[in-house]
Amino acid sequence: MAPSDLLTALRNQNPLVHCITNYVAMNIAANVVLAAGASPAMVHAPEEMTDFTPICGALTINIGTLSAPWLAGMTAAVAVANTHNIPWVLDPVAHFISDYRKQAAKELLALSPAIVRGNASEILALAGEAGAGKGVDSGDSVTAAQGAAKALAIQFGTVVAITGPVDYLTDGHREAAVSGGSDLMPQVTALGCSQTALMGAYVATGPAFDAALSALAHFKVAGTAAAKLAQGPGSFQMHFLDALAAAQPADLAKAIG
């Protein structure tokens, strides 16, 4: 499906997106999903997954502020999602900074996410390659991680998105680049995490590769528009949410090339 068709479908269907994300990202992720035209829900207790996950269009998992109880919630939600053929997105935030986090990301990756979204250092490390990541920040270029993304996509049968100045997307056979956005985007905390939540909204309405491409394009188009009005990171966030809501289906193609 074309990105324009997916955005139209997203807004017509208003899918419920189950977001298990970190403390820092909850507010901006919820607002991004709402602004795009979908409906977010931040539910993380393992005891609620059997009832809640099946009524959602998609699930997103972000390990940013990982702990044992939250990991239990994540694995329980993924198990329910897989049982009900609900697509889910994995964001392996800084999984290389500790053995605990690394093992969690490895176990989640083995549970068949439809999409994996990360920065270049996260994707390199997920493929077992050395990177230069520092905490949640990437120290590697998107170009340097493209081979790792292809290898991961083929090995795990998933779609891998690397976000950066120019995003890269592959399912191991197809690939795409998405450009635009603003240098202010990395200065707004958890904006990347909120992009994972937006991918959940899109994958609830269409195929994984097309959904990831549409979410990347929607972000870049909104970032470009917001930068024209912003005076700094604070006002950028406000204008970015407005721009996500104002973006029209035909606009998304402008970012893909």
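- There is a path of hydrophobic side-chain contacts, each under 4.5 Å, that joins Leu90 to Ile123.
- Within the model, atoms CG of Asp99 and NZ of Lys102 stand 5.5 Å from one another, a figure rounded to the nearest 0.5 Å.
- With contacts defined as side-chain heavy-atom distances shorter than 4.5 Å, the pair Met74/His44 does not qualify.
- Using modelled atom types, one finds a donor on one side chain and an acceptor on the other under 3.5 Å when comparing Ser121 with Asp140.
- Residues Ser112 and Phe156 have side chains not in contact (no heavy-atom distance under 4.5 Å, counting atoms from C-beta outward).
- Of the residues listed (Ile115, Asn62, Thr158, Val116), the one engaging Val89 in a side chain to side chain contact (heavy atoms under 4.5 Å, CB included) is Ile115, and it is the only one.
- Surrounding CG of Asp183 are at most 12 heavy atoms belonging to other residues, nucleotides or ligands under 6.0 Å away.
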Using a 3.5 Å cut-off and no angle test, enumerate the donor-acceptor pairs between side-chain atoms of residues 2-9 and protein atoms at least two apart in sequence or in another chain.
| from | atom 1 | to | atom 2 | distance (Å) |
| --- | --- | --- | --- | --- |
| Thr8 | OG1 | Ser4 | O | 3.0 |

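- Remark: the backbone N or O of Ala94 is paired with a side-chain donor or acceptor of Glu122 at under 3.5 angstrom.
- Taking the side chain as every heavy atom from C-beta outward, Thr60 and Thr21 never approach each other to under 4.5 Å.
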Validation: residues 191-209 side-chain donor-acceptor distances under 3.5 Å, sequence neighbours left out:
| from | atom 1 | to | atom 2 | distance (Å) |
| --- | --- | --- | --- | --- |
| Ser194 | OG | Leu191 | O | 2.6 |
| Thr196 | OG1 | Asp91 | OD2 | 2.6 |
| Thr196 | OG1 | Arg117 | NE | 2.7 |
| Tyr202 | OH | His218 | ND1 | 2.8 |
| Thr205 | OG1 | Tyr202 | O | 2.8 |

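- Side-chain contact between Lys106 and Leu109: absent, with no pair of heavy atoms (C-beta onward) separated by less than 4.5 Å.
- Closest heavy-atom contact between Ile20 and Gly73: CD1-O, 3.9 Å.
- Cluster membership check: Leu34 does not share its hydrophobic cluster with Leu10, using side-chain heavy-atom separations under 4.5 Å among Ile, Leu, Val, Met, Phe, Trp and Tyr.
- When every heavy atom of Ala77 is checked against every heavy atom of Thr53, the shortest pair comes out as O-CG2, 3.7 Å.
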Give every donor-acceptor pair under 3.5 Å between a side-chain atom in residues 244-257 and any protein atom, sequence neighbours left out.
| from | atom 1 | to | atom 2 | distance (Å) |
| --- | --- | --- | --- | --- |
| Gln248 | NE2 | Ala246 | O | 2.9 |
| Asp251 | OD1 | Lys254 | NZ | 3.3 |
| Asp251 | OD2 | Gln248 | N | 2.8 |

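- Using a 4.5 Å cut-off between side-chain heavy atoms of Ile, Leu, Val, Met, Phe, Trp and Tyr, Val43 falls into a hydrophobic cluster with Leu16, Phe52, Ile55.
- Considering only heavy atoms from C-beta on, Phe219 comes within 4.5 Å of Met185 through its side chain.
- Between Glu107 and Thr75, the closest side-chain pair of non-hydrogen atoms is not below 4.5 Å.
- Residue Tyr23 is grouped with residue Tyr100 when hydrophobic side chains (ILVMFWY) are merged at heavy-atom distances under 4.5 angstrom, including chains of intermediate members.
- Residues Val178 and Leu169 form no side-chain contact, since every pair of their non-hydrogen atoms from C-beta on lies 4.5 Å or further apart.
- Side-chain atoms of Thr170 and Val159, non-hydrogen and from C-beta on, never get closer than 4.5 Å to each other.
- If you chain together ILVMFWY residues whose side-chain heavy atoms come under 4.5 Å of each other, Val33 ends up grouped with Val17.
- Heavy atoms only, all atoms of each residue included: Leu124 and Ala144 are closest at CD2-O, 3.7 Å.
- Looking at every heavy atom in both residues, His18 comes nearest to Met49 through CE1-SD, 3.4 Å.
- In the hydrophobic clustering of ILVMFWY residues, with side-chain heavy atoms under 4.5 Å counting as a link, Val78 and Ile86 come out apart.
- A single hydrophobic cluster is seen to contain both Leu126 and Ile63, as judged by linkage of ILVMFWY side chains at heavy-atom distances under 4.5 Å, directly or through other members.
- Residues meeting the side-chain hydrogen bond (donor to acceptor under 3.5 Å, both in side chains) test with Asn27, sequence neighbours left out: Asn31.
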